[in-house]
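Report on one structure; see the data block that follows.
Sequence positions, counted from 1, serve as the residue numbers for this chain. Excluded from the calculations below are hydrogen atoms, water molecules and symmetry mates; all remaining heavy atoms, backbone and side chain alike, are included. These numbers come from a predicted model, not from an experiment.
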Amino acid sequence: MVKDRVAEGFEFSPARSLYNALGITREELHKPLIGIVNSYNEIVPGHMNLDKITEAVKLGVAMAGGTPIVFPAIAVCDGIAMGHVGMKYSLVTRDLIADSTEAMVMAHGFDGLVMIPNCDKNVPGLLMAAARLNLPTIFVSGGPMLAGRVGGKKTSLSSMFEAVGAYSAGKISEEKLCEFEEKTCPSCGSCSGMYTANSMNCLTEVLGMGLRGNGTIPAAYSARIQLAKHAGMQIMELVRQNIRARDIMTKEAIYNALTADMALGCSTNSMLHLPAIANECGVEFSLDLANEISERTPNLCHLAPAGPTYMEDLNEAGGVYAVLKELSKKNLLNTDVMTCTGKTLGENIANVVNRDTSIIRDIDDPYSKTGGIAALFGNLAPNGCVVKRSAVAPEMLVHEGPARVFNSEEECIKVIYEGGIKAGDVVVIRYEGPSGGPGMREMLSPTSAIAGAGLDKEVALITDGRFSGATRGAAIGHVSPEAASGGTIAYVHEGDIISIDIPNHSITLKVSDEELEKRRAEDELLKKNVSGYLKRYAAMVSSADKGAIINK
């Protein structure tokens, strides 16, 4: 066992004396040591229940003959960080989480790991760490939040941000805005739509790293505690069989995840996180691959913000496994891949039933014949950009209009709130990329303000930053190369015509090559003065099309 290098033999007597100081008995040291990565904190609603999840996992590990040992991981609440400097510190934590988990595990010699994440960067960060460490590993998340209810209708965090836009546009009262504040987020858990946290927790099931229900059982349900106990017990089986993370997260499993992503209508942030996870697994991943898989994968779910259904509804309909069962009917998945159950994906879904085709469409009756995400290419984004196609109104799938150019999110949001954006405009927010931001902020505030003002079917937004999974509309992010690297987006001028054709994967700045060369010679790139961790991150991070990974 791995822990033998720190717990056996006379030369490790000093280590055993320190285990003794922890109150760990000799009997416990003779069992496999299971590291439990607990992301609990008191600032993220999706993490406030992780202390209960952790205790349940510990009990499961002990019941199955292991010794559980807990250590922490950090997490940022994107909703609280949104719209200010705090959002620069969200994506960058993904690598801090992966690095710090690697350090803790390598320093202490665990035999297996149970990862307990929930919110946006916490899940992919721990998946990256799992791939690096390549130990027997299983995931159990904190689960999604229950939907809120305002005026008899279900709501989620995207409803709250759009209410701000509606209030700013004079469409709702301050009293109504306060009602949204009080009722939109009614419980612990990751926000209740198919946003980034829930997207990644669902994809963890598809990757084979989490048990059934990991992505969909609501945080407030007792079944979540039972799931945690089962995860604690199952890690001991993985240790006994020596089934490791990269035995599960294979190329085929990652392609399965991308396929399910398209069917579920996941957040565009998955186009940052799946490449980063694939990179840790030694698997090639490109935006071209995303389009290739999207073209043959029907979109089966319209969860908020794309539609009026929520994670609790997906759970009742059969969850992620029911979506996979539909996809398997057209042989769109590799069902021979190993999973953390110790069985293949095919065995896991063999007897699964889709219990509600209004939530999970039948494979022969999809919302669309193509997947929920599209990558676009053209002179404005030579290396690509991404859009959540399933959340775009049909009339905005093809759009052409004048550029309204802003060098930061703050500049843009001020003009939107002042009523300065008009129907037909193409809003461009630049210098918000991985390096130029730095940190690649999410643009939920501007997109929600546009939607709240009733312009989401008339205005497009393009950025080298990124969008929350809560964003809907023609919101195109991850433009690569980014402005700070001299990408074309840095040379867009106010009033330039931009043409968007999502079905044909095209995005074009209608400016001649000669004019662009002139601008490259004359226009100066914006340089930001940053310090601390952000300065290091900006110097090392890759472009968005590569997953905003830290370059080796």
Report task. Compare all side-chain heavy atoms of Tyr310 with those of Ser156 and state whether any distance is below 4.5 angstrom. Result -> yes

Report task. Check whether any side-chain heavy atom of Leu380 lies under 4.5 Å from a side-chain heavy atom of Thr508, and answer yes or no. Result -> no

Query raised in the report: Is there side-chain contact between Met396 and Asp456, with heavy atoms separated by less than 4.5 Å?
Result: no

Report task. Taking Asn407 for its side chain and Leu526 for its backbone only, find out whether a donor-acceptor pair lies under 3.5 Å. Result -> no

Query raised in the report: Taking atom CD1 of Ile416 and atom NZ of Lys414, what is their separation to the nearest 0.5 Å?
Result: 12.0 Å

**Report entry** Least distance between heavy atoms, Asn269 atom then Gly469 atom
**Finding:** ND2-N, 4.2 Å

**Report entry** Whether over 12 other heavy atoms sit under 6.0 Å from Ile43 CD1
**Finding:** no

Query raised in the report: Counting N and O atoms only, with roles assigned by atom type, does the side chain of Arg224 sit under 3.5 Å from a partner on the main chain of Ser141, one being a donor and the other an acceptor?
Result: yes

Report task. Kindly indicate whether the side chain of Leu397, heavy atoms from C-beta on, has any atom under 4.5 Å from the side chain of Pro503. Result -> yes

**Report entry** Main-chain N/O of Leu146 paired to Ser187 side chain as donor or acceptor, under 3.5 Å
**Finding:** yes

Report summary line: Correct closest heavy-atom pair for Ala260 and Leu324 would be CB-CD2, 4.0 Å

Query - From Ile293 atom CD1 to Leu289 atom CG, the distance as rounded to the nearest 0.5 Å - result: 4.0 Å

Query - Within-4.5 Å side-chain heavy-atom neighbours: Met440 and His478 - result: yes

Query raised in the report: With side chains defined as the heavy atoms from C-beta onward, is the minimum distance between Leu258 and Leu274 less than 4.5 Å?
Result: yes

Query raised in the report: Can you find a side-chain donor-acceptor pair between Ser294 and Arg389 that sits under 3.5 Å?
Result: yes

Query raised in the report: Hey, is NZ on Lys528 packed in by over 12 heavy atoms from elsewhere, all under 6.0 Å?
Result: yes

Query raised in the report: Nearest 0.5 Å, what's the CE-SG distance between Met48 and Cys188?
Result: 5.5 Å

Query raised in the report: Would one find more than 12 heavy atoms of other residues, nucleotides or ligands at under 6.0 Å from atom CD of Glu42?
Result: no

Query raised in the report: Between Cys185 and Met160, does a side chain to side chain contact (heavy atoms under 4.5 Å, CB included) hold up when you go through it step by step?
Result: CA-CA 9 Å; Cys185 299; Met160 183 69 252; 5.9 Å; no

Query raised in the report: Can a salt bridge be assigned to the pair Arg466 and Glu432 using a cut-off of 4.0 Å between side-chain N and carboxylate O?
Result: no

Query - Shortest non-hydrogen separation from Pro446 to Ile429 and the atoms involved - result: CG-CD1, 4.0 Å

Query raised in the report: Would you find a donor on one side and an acceptor on the other, under 3.5 Å apart, between the side chain of Asn118 and the backbone of Gly143?
Result: yes

Report task. Check for a donor-acceptor pair, side chain of Arg404 on one end and backbone N or O of Val426 on the other, with a separation under 3.5 Å. Result -> no

Query raised in the report: Nearest 0.5 Å, what's the CG-OG1 distance between Leu455 and Thr447?
Result: 12.5 Å

Report task. Mind listing the closest non-hydrogen atom pair of Glu524 and Tyr431 along with its distance? Result -> O-OH, 4.3 Å

Report task. Check whether any side-chain heavy atom of Met82 sits under 4.5 Å from a side-chain heavy atom of Ser445, and report yes or no. Result -> yes

Query raised in the report: If you count the non-hydrogen atoms of other residues, nucleotides and ligands that lie under 6.0 Å from NZ in Lys176, is the total more than 12?
Result: yes

**Report entry** Separation of Met200 CE from Leu207 CG (nearest 0.5 Å)
**Finding:** 7.0 Å

Requested in this report: For the pair Asn504 (side chain) and Asp501 (backbone), establish whether a donor and an acceptor sit closer than 3.5 Å, ignoring hydrogens and angles.
Outcome: no

Query raised in the report: Does the Glu411 side chain pair with the main chain of Phe406, one donor and one acceptor, at a distance under 3.5 Å?
Result: no

Requested in this report: Measure the CD-CZ distance between Glu205 and Arg212 for me, rounded to the nearest 0.5 Å.
Outcome: 8.0 Å

**Report entry** His47 side chain to Ser39 backbone, donor-acceptor under 3.5 Å
**Finding:** yes

Report task. Give a yes or no answer on whether the side chain of Tyr195 reaches the backbone of Asp120 with a donor-acceptor pair at less than 3.5 Å. Result -> no

Query raised in the report: Are Arg361 and Tyr367 in a cation-pi setup, meaning NZ or CZ lies under 6.0 angstrom from the ring centre and within 45 degrees of the ring axis?
Result: yes

Query raised in the report: Any donor and acceptor pair, going by atom type alone, linking the side chain of Tyr491 with main-chain N or O of Ala483 inside 3.5 Å?
Result: no

Query raised in the report: Is there a side-chain contact between Ile359 and Cys301, using heavy atoms and a 4.5 Å cut-off?
Result: no

Query raised in the report: Counting heavy atoms not belonging to Lys88, are there more than 12 under 6.0 Å from its NZ?
Result: yes

Query raised in the report: Is Asp464 salt-bridged to Arg441, cutoff N-O under 4.0 Å?
Result: no

Query raised in the report: Should we count CD of Glu174 as having more than 12 external heavy atoms under 6.0 Å?
Result: no

